Every structure is written in structure tokens, then in C-alpha cells.
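Inspection log for the structure reproduced underneath, given as C-alpha cells.
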Protein chains: 2
Amino acid sequence: MSPEPAVAAPGVTSTLALIHHLSRLGQRSAESAGVPSRLRPRQFVALTLLREQGNVAQQTLAEALRLDPSNLVGLLNELESGGLVVRRRDPNDRRRHIVELADDGRRALEDAERELRCVEDGMLRTLAPDERATLHDLLRRAVGDQLPSCTEAVSPPDAC
Amino acid sequence: MSPEPAVAAPGVTSTLALIHHLSRLGQRSAESAGVPSRLRPRQFVALTLLREQGNVAQQTLAEALRLDPSNLVGLLNELESGGLVVRRRDPNDRRRHIVELADDGRRALEDAERELRCVEDGMLRTLAPDERATLHDLLRRAVGDQLPSCTEAVSPPDAC
DNA sequence: CGGATCGTTGGCGGTACGTCAACTATCTCG
DNA sequence: CGAGATAGTTGACGTACCGCCAACGATCCG
């Protein structure tokens, strides 16, 4: 009778909505901050993933990015023509392309990260440094375990 | 000499990139999970914000969403024609529209949240419940302080 | 050899915006 | 009262990002 938490507690907000919103806010801030020599968001994410995963077959990359292979081609073309990435044939299976982060790509990525730090600082300015670290860690762990079989096993449609 | 953290530590990943990526992953999962009676992401976020902020002038809402007023109109039209939201004139300034979350809107929002819980659970399955709570709290605090004067005072372009 | 797989190209469609211009109803201030 | 600002609205145009599909060459594998 006393707690009475019924009335739609103010904490029910979907974490997904928060993430979606924050993502948008981040993009807007980055754009309006006029980041100069800039990677577009997708390129940024792709390079980041490449740096972590090391050399990866194109297909694997597509899965990790949850991106249609045919669309990945375009993305990689941009990056490769800018010298940020290298595609080479897998000697074991010459159908495959192994995608590799080039030195220029690593540099560009670090530059972009440096530039985006301001935006990030602005966006997370309410959080204490250790909280930011926690946030970063949690997000990282969340995306980290996204790769293996994500959409699979959705047999029970509304079982959830 | 011993620590030698120079070589691009594996933790430098931009939090922005993580958020952006997670946001995309979330959308993809939600779509492929075939969420039935669904609000589109923008509607979802807008309703969420409305529930928290209570009745708000349209302009304020636009700022909070970082959305162009002219685009907000369309978004609100969708929501209002679905009965999820009500626009009424501000008696103190009849130019203004006060936007209010309708009962149906609250219900729709709660339904959507319930549906998205599965997706969210899938995405954050590596995190322990208390970690999820922490994440949620941190994100919420981050977006919460986004509203007042965000892009302003960007006078030093590369001072950062 | 035949079928499967990987990358690639191209086309079609859709969402989610930004930007700008114009117009109305309304407020505010001189 | 009249001039100018302000809130919302409408419409047009463009863009980024992306899904889906079909086809095709190169390659692998049985």
C-alpha cells in the first residue's frame, strides 16, 4: 500500500530508445561541431571494427556490421580508394577478400577519435570520469558479444 | 618502461562509435524480430520524451529531439492522427501548441516497450541485470542533461 | 563437370532526416 | 493601431543510409 509503484514508474524507458536517441544526438553534435577532415559514421564504425578484429573476410565484416554484403562493397570501396583499407585475396580461398586496416586508416581513425572526443565530452559531461569509463566498458561488452549468431534461433516469434 | 601503453591501447574506441553501432544493431534486431504493432523509432523516442517531460510546447520538443520544427510537424501529425498525442493551444500564448501524451499514446508506448524488451534482452544478454541497470541509468543521465544549450557556445572551433 | 560460395554491380524502394521559402495566426512593443 | 517578431505549418528539393533482389565472374569442392 505504501510503495505503490503502479503508475508507470519513471524508469521504464527502453534502453533501446535511449541508445537510439543518444546516437542521433551524437551525430547532430558532430555535424554541427563542423568536424573537419571527417569520416562518415559508417566508415568510422567500420574502421573501428577492423582495428579490433584484425584482418577479416569481407563476409565476416558484413555480419559484424549487420550490413548487407552488397552494401559493404560500396563502403569498402570508399575506404580503399582513400587508402584507409586494403583488400587482398585470401591465399587459402581465392574467392575471399581479406580486409585489412591500412596505416593511413589507423591514423585517420585515431584522428577522427581525437576530433570526436570533444563531442563526446560535451555529450557525457554530466558523467564523472569513472562513470564514463563504466559506460564505455558496458557498451563495449554489449557490442562485443553481438557477433555470434544474433538473429538466429528466432523460432519462437512471440514467445519472448 | 614497463607499462608501455603506446601502441594504440585496445580501449581507445570512441564511445560515440559504440553507441552508433549499438543503435543500428538494435534497429536491425527490432526489424528482423518482426515487431508487430510497431511504432517507428522516431515515434518511439518522441513518445518517450513526451512521457517524461509532460506537456511541452512544440518548439521545446523540437529542441529536445534536436529535430527541425518543420519535420516535427510531420511526426506529430502521424502521432496525433493515431490518437497517441494531443495538440492543444497554450491559453497564455495562442501561437503555441502544447503537446500532450494521450492515454492511447501511453498505452502504445508501453506496448512497444514490452515488445522491445526481447530485442533489448538479446542485445544486452552479456550484461548482468545490475549492469544493465547501471547502463540504463548512465544513458538516461547522459540524455537527461542534453537539453539545455547544447550546440551553443561552440565559438572555439578547434579549441577542444 | 556441376553446384555452391564470395565478392561485385546495378537497380528499385524506403526511412529519416536537413534546408529553405512562404504563409497564417498570434503576440509584443512602440 | 500598426510593424515586426514568433509559433506552427506546408511544400519542395536534396541527401545519407540502407534493405532486397537479380545477375555475373571467379573460385572452390565434391
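Just so it is clear, the structure is predicted and the values come from calculations on it, not from any experiment.
- Counting only N and O atoms by type, the side chains of B:N77 and B:R87 include a donor and acceptor under 3.5 Å apart.
- One interatomic measurement links the two molecules: NE2 of B:H20 to C1' of D:dC18, which rounds to 11 Å at whole-angstrom precision.
- Between B:R117 and B:D121 there is a salt bridge, since at least one side-chain N of the basic residue sits less than 4.0 Å from a carboxylate O of the acidic one.
- One interatomic measurement links the two molecules: CZ of A:F44 to C1' of D:dA16, which rounds to 18 Å at whole-angstrom precision.
- Atom CZ of A:R94 and atom P of C:dA4 are 23 Å apart (whole Å).
- Between the P atom of D:dA16 and the CD atom of A:E31 lies a distance of 11 Å, rounded to the nearest Å.
- The nearest whole Å value for the distance from the CG atom in B:L61 to the C1' atom in D:dG8 is 13 Å.
- Straight-line distance from the CG atom of B:D68 to the P atom of D:dC13: 18 Å, rounded to whole Å.
- Ion pairing of B:R140 with B:D137 is absent here, as no side-chain N (NZ or NE/NH1/NH2) approaches a carboxylate O to less than 4.0 Å.
- Ion pairing of A:D103 with A:R106 is absent here, as no side-chain N (NZ or NE/NH1/NH2) approaches a carboxylate O to less than 4.0 Å.
- A salt bridge links A:R51 to A:E113: one of the charged nitrogens lies within less than 4.0 Å of a carboxylate oxygen.
- The distance between atom CG of B:L75 and atom C1' of D:dT9, rounded to the nearest whole Å, is 14 Å.
- Rounded to an integer number of Å, the gap from B:D90 CG to C:dC27 C1' is 12 Å.
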statement: Heavy-atom contacts, protein to nucleotides 6-15 of chain C, under 4.0 Å, summarised as B (base), S (sugar-phosphate only) or - (none) per nt, yield SSSBB-----
Check against side-chain hydrogen bond (donor to acceptor under 3.5 Å, both in side chains), A:E120 and B:T15: CA-CA 7 Å; A:E120 200 173 303; B:T15 304; 3.1 Å; yes
